[in-house]
Protein chains: 4
Amino acid sequence: MPKPRARDLGIPFEGTPGPCNAITDVSGVTVGYATVIEGHSARTGVAVIHPRGSKDHDPVFAGTFAFNGNGEMTGAAWVDEGGLLEGPIGLTNTHSVGVVRDTIIAWEIKNKAIFQKWTLPVVAETADGWLNEMNGFHVKEQHVWSALDSATSGKIEEGNIGGGTGMICYEYKGGMGTSSRKLPVKLGGWTVGVLAQCNFGRRYQLTIAGVPVGQHLKEDAPFTSGENMLQQDDGSLIAIIATDAPLLPHQLKRLAKRASLGMARTGSMGGNGSGDIFLAFSTANPGAARGDKDGLSTLKALSNEHIDPLFSASVLATEEAIINSMVAAEDMTGHRKLKIKSLPHEKLKDVLRMYNRLKEQEENR
Amino acid sequence: MPKPRARDLGIPFEGTPGPCNAITDVSGVTVGYATVIEGHSARTGVAVIHPRGSKDHDPVFAGTFAFNGNGEMTGAAWVDEGGLLEGPIGLTNTHSVGVVRDTIIAWEIKNKAIFQKWTLPVVAETADGWLNEMNGFHVKEQHVWSALDSATSGKIEEGNIGGGTGMICYEYKGGMGTSSRKLPVKLGGWTVGVLAQCNFGRRYQLTIAGVPVGQHLKEDAPFTSGENMLQQDDGSLIAIIATDAPLLPHQLKRLAKRASLGMARTGSMGGNGSGDIFLAFSTANPGAARGDKDGLSTLKALSNEHIDPLFSASVLATEEAIINSMVAAEDMTGHRKLKIKSLPHEKLKDVLRMYNRLKEQEENR
Amino acid sequence: MPKPRARDLGIPFEGTPGPCNAITDVSGVTVGYATVIEGHSARTGVAVIHPRGSKDHDPVFAGTFAFNGNGEMTGAAWVDEGGLLEGPIGLTNTHSVGVVRDTIIAWEIKNKAIFQKWTLPVVAETADGWLNEMNGFHVKEQHVWSALDSATSGKIEEGNIGGGTGMICYEYKGGMGTSSRKLPVKLGGWTVGVLAQCNFGRRYQLTIAGVPVGQHLKEDAPFTSGENMLQQDDGSLIAIIATDAPLLPHQLKRLAKRASLGMARTGSMGGNGSGDIFLAFSTANPGAARGDKDGLSTLKALSNEHIDPLFSASVLATEEAIINSMVAAEDMTGHRKLKIKSLPHEKLKDVLRMYNRLKEQEENR
Amino acid sequence: MPKPRARDLGIPFEGTPGPCNAITDVSGVTVGYATVIEGHSARTGVAVIHPRGSKDHDPVFAGTFAFNGNGEMTGAAWVDEGGLLEGPIGLTNTHSVGVVRDTIIAWEIKNKAIFQKWTLPVVAETADGWLNEMNGFHVKEQHVWSALDSATSGKIEEGNIGGGTGMICYEYKGGMGTSSRKLPVKLGGWTVGVLAQCNFGRRYQLTIAGVPVGQHLKEDAPFTSGENMLQQDDGSLIAIIATDAPLLPHQLKRLAKRASLGMARTGSMGGNGSGDIFLAFSTANPGAARGDKDGLSTLKALSNEHIDPLFSASVLATEEAIINSMVAAEDMTGHRKLKIKSLPHEKLKDVLRMYNRLKEQEENR
């Protein structure tokens, strides 16, 4: 029996997802993971996204947004300047960004995937230093190669996997989460997918479908008990948004901004310690980066006045990806024996029920 | 009997407001309004904020953030470059920004309030062209003078007043709204206040205290009925955040960013047509702009690691200011006989009650 | 006999200009001026640029850059967010931005030129408060209408005209200047044109064709004599770059950035008091803003790897436009009887000759 | 006999340098190098800057600016968000950024130098893939440790050293260069120092002291001969600006921007392929990052109106640092036997003399 996802629990999310309710619903996108769980202290990993799959190295239009830049997204300067994402994206822990970045370069060399004469890989991170011995540098080159070479389309895993292995979200176990939205044909029929690495938030903030869940589920919240209540939020959220809508780079930056609103819907204030950095890319317009011998290409584009459904989809898929990460994650004991519980499904349903927000009830209303 | 505010209805907002639950809880800040309601078509006005009151022209540290820049905030370039807000802020309708800006200059000349050899006033706007004949340019110089000279501290009005006179929010009557948060002493004891001009959102998005209110209150929503459902969100939100916490300009930009999250908590996706532009200023550190004869000054500053409570206060006061604007606003018939209803208090309470989110109930839970 | 331009004096600029060596070499672009010289104190005006001429209201792709944001460019938030310049650009003095902005709206209403349901005109400024009684608000609505309605293609005037009427540049009389570059066919054959309103710089900084002119021509420098030497640079540079190359908004922001380098080549350090704000637009891709009924359009685009010649053209045309403004400007006596001399052509040639940089000599080298 | 520096050749730079004419003139700043020259193909290395020396881990205020973001500066998101540079800066080749970044983390762990619970090191790069086998990943962890532990104050080396080992500038051999300016006491007496890794520019652009040197010295320009003339500029400039002036983060961003103008003075147009990314930090205000137990600190600050001399110093020291890198660099043969010549001192003097810009002549003028 597969693990339930957030929708399966009856959480009433808005909008219609694609077939896998995953970033991979955007045609061409593949995702790979390497999970590093070793001994008592290694609880980490790496995730990768190939915008056009691992065989097609044609750059995609992209844009980034740092809501709270207490984090790293290498390569963001060129994405913003040139409007291009020229290779796979890596997601890992804060102290392993370098090895993931350089190994992506090595992979690109081997796969003849470098678009310019050099490459500036996009690697983002969140800090897993509570469950993982982050100073132990447990992500190795082979993990990055493995994630890059094992990427798949279709259904992808969530929770304690890849870059999300050791992450903590609203003081429950966090990790990787994904979701998508498929727009109706009259709104363009485009797909928007999100992959999020979720590692942020204080329990008392946790909001699901508008319900102040965190004000009821106060147990097993190691960072806000007693005097710690006032401690800053030390986490981070990385969200990668993919779409097949033909958006230009400046419009993709606008999509990336909307991830902030999806984050807000789960309760976060974007704490000082949180590196909330987002990137959106479009798989439309193949060949645009190079153009013909004179550098000219012919593009499809979408007017700003038709972009609102894509904004909504980005907000909603980010929100659901975050909750999905928590629903999928499982209890973990890690570095220094810290134990982090997963979101208790039944208790969550009880709280939603208390507020008449569990879907079984809504149907009867 | 004074008009009820959102809290009076039992909406369960988080955090503790200051004594007036208004931007004027930040010591020194004054707010003035001029409301222009004339004949069948003029439904507009202007609001002003004096950061240190109308007599003290000492600049304040400030920062801005455009979540969705389909709007205007004149003067933002210098706020961002120089870190200084050097005079009063004006809020009006989109097509009257110019007259407000130039009249603020005239007022500054008369009041010997120009800090540099020129002045670059901050004037922001939202579009009231549905209820107001925006192309009629009904805001005149005398309205601006009146708002500037009548500014007060203490309790301030909300709803159909000043720049908010003709605004529409989630397809109910919108307008001016304000709120504040007073931090506990152990978190610094600082005050954060917000003044918002609210003119955005589609009804189906409207969320209050996490409750999907707009999915129940579908009547009197002129822009999303029938085929219009898919029409873009044409509104805008301007939020001005004041604080007495000694934040530096780059930190105030961070506060301004948090207004986006407050907006998200009311349901908006930040539509393409929405000019969602925010500014935060600090009344701390008088004299810092000029310094001594060598330009040197001594400042108080707050570390990033103590800024989270100010982030939360900014999010929460923005959220509440938006709902306050709607609770205070009253039905209006305007240009071309368009009628916009105000948020029906009792029906709202019914919906909140349905989700066990009305405060009377919470206490019994 | 027409006034000589900078090239006519033998200043050795790089690159090949278009037929008029003006922004109007970009097909479709028209420029209009209204000059306000009245009594002893009014020395000001307004200039306008219609990106596609005054009859065609189709938006153009655009991007902005504030090198030093001590200035105003209204409308920049939407240009940056939406990538569109939706109407004419106005250039005037600092304290008249409002009247120019609102009057452009009135003009757009009359000419049915508003693209969205509101309009956010782009109006930029430099401060002419030394020669002009800037606090007298001498730019009136009729001047703006006049500039808008009188715009022409072809050769345009420079110096003490339009928004440049009362401007001062490197302590010589400044004003409006223009220049263009026409790329060879093998580099795409595109045209880049610049219109600059020049009001910045200290004399000792003045550099022309690399020659430290300001270190020789020290007379008639009212702001840097004696103790004033250390006074800050209070001016500003506004540069508008037009091109027919099919650049996307994020690429046009890159072009706008290059105006900084053109400015640097004339010696400026970008002083604190200088509002150095730039905008670039492309007349390519008509109809892209609207698209078809589904918002879709087909665009031409140019790869980043073919953009260098456009960068060079932007730098060089900005540099030459600045020097052109000074070469064309004439002595002016203004407000409070301040007299500002124009750049003395023969003395300038002497200095260039001293450094073997006058073109007559170069040919013999 | 020490190698001559640019001033020693008689190039007439403006302004007065500090005692070492180096970034290390800013008290506390130390610089370390590791140079990797091995076999036929390894021509690379790493440079590091400790803002307060290698023993003092107190963060400094900082700001960044990407003039042309075709490059990497990890950690920039946090510098811009938080205003703090929390550790040493690394400079290396494009494909070695990761190893330098992660090794800086390891060094910080060992030296108990991590300010937050994680660290986001600043590592910037330029591409040395012409002289160096950049895909060979020749920078190893031990090189980074060596650079970090060997950093010194006082005179520092320039040219083919550290991160600059294999760099090419205006098609001459480039590399590391440094310069400083010491302001007169009446302008504050502050010091500004620059360290630049120089790897950009086409020969025909090369400008020294305003003289179009590159139009005369056309030999040994491997990238612009014949048909290559139109090839894009593939280089990059990284400039790090240090000062002891008490500037706030938003002001340091302004300083960083001025590096663009220094770059422009050497002739560059900021080509598409060039990653021109700058960072400025201030060693003033020790302890400000942490504050007292309530996060409060007392800062010194400088008004914007006194910042112009620091802007000039940043421009001029960047310009001179670039030329210094070329004057110090020596001929190199590298990967695939490519030979790059160094700037020929005597020929350069001849060209400057031709334009009466060699300093020996100026004195007689």
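Model, not experiment: these values are computed from the prediction. Each chain gets a letter, A, B and so on, in the order its sequence line appears, and its residues count up from 1. Atom set for the values below is all heavy atoms of this structure, side chains included, hydrogens, waters and symmetry mates excluded.
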Check: At a heavy-atom separation under 4.5 Å, does A/Lys253 approach chain C through its side chain, its backbone, both, or neither?
Finding: neither
Check: Contact part of A/Glu81 toward chain C, heavy-atom cut-off under 4.5 Å: side chain, backbone, both or neither?
Finding: both
Notebook entry, point to check: Do the side chain of A/His250 and the main chain of C/Val79 share a donor and acceptor less than 3.5 angstrom apart?
Noted result: no
[X] versus [Y], closest heavy-atom pair with distance:
X	Y	answer
A/Leu296	C/Pro246	CD2-CG, 3.8 Å
A/Thr298	C/Lys300	OG1-NZ, 3.0 Å
A/Arg290	C/Ser303	O-CB, 3.6 Å

Checklist line | Straight-line distance of A/Phe115 CZ to C/Asn304 CG, nearest 0.5 Å | finding: 8.0 Å
Item checked: Short N-O contact, C/Lys117 and A/Glu305, less than 4.0 angstrom -> no
Note to self: Using a 4.5 angstrom heavy-atom cutoff, name the option from C/Ala301, C/Gly82, C/Gly291 with the most pairs to chain A.
What the structure shows: C/Ala301
Note to self: Quick check on C/Ile307 against chain A: is it the side chain, the backbone, both or neither that has a heavy atom closer than 4.5 Å?
What the structure shows: neither
Margin query: With side chain to side chain contact (heavy atoms under 4.5 Å, CB included) as the criterion, how do A/Asp294 and C/Leu302 come out once you've worked through the C-alpha distance, each side chain's angles and the decisive distance to 0.1 Å?
Written below: CA-CA 8 Å; A/Asp294 298 317; C/Leu302 188 67; 5.9 Å; no
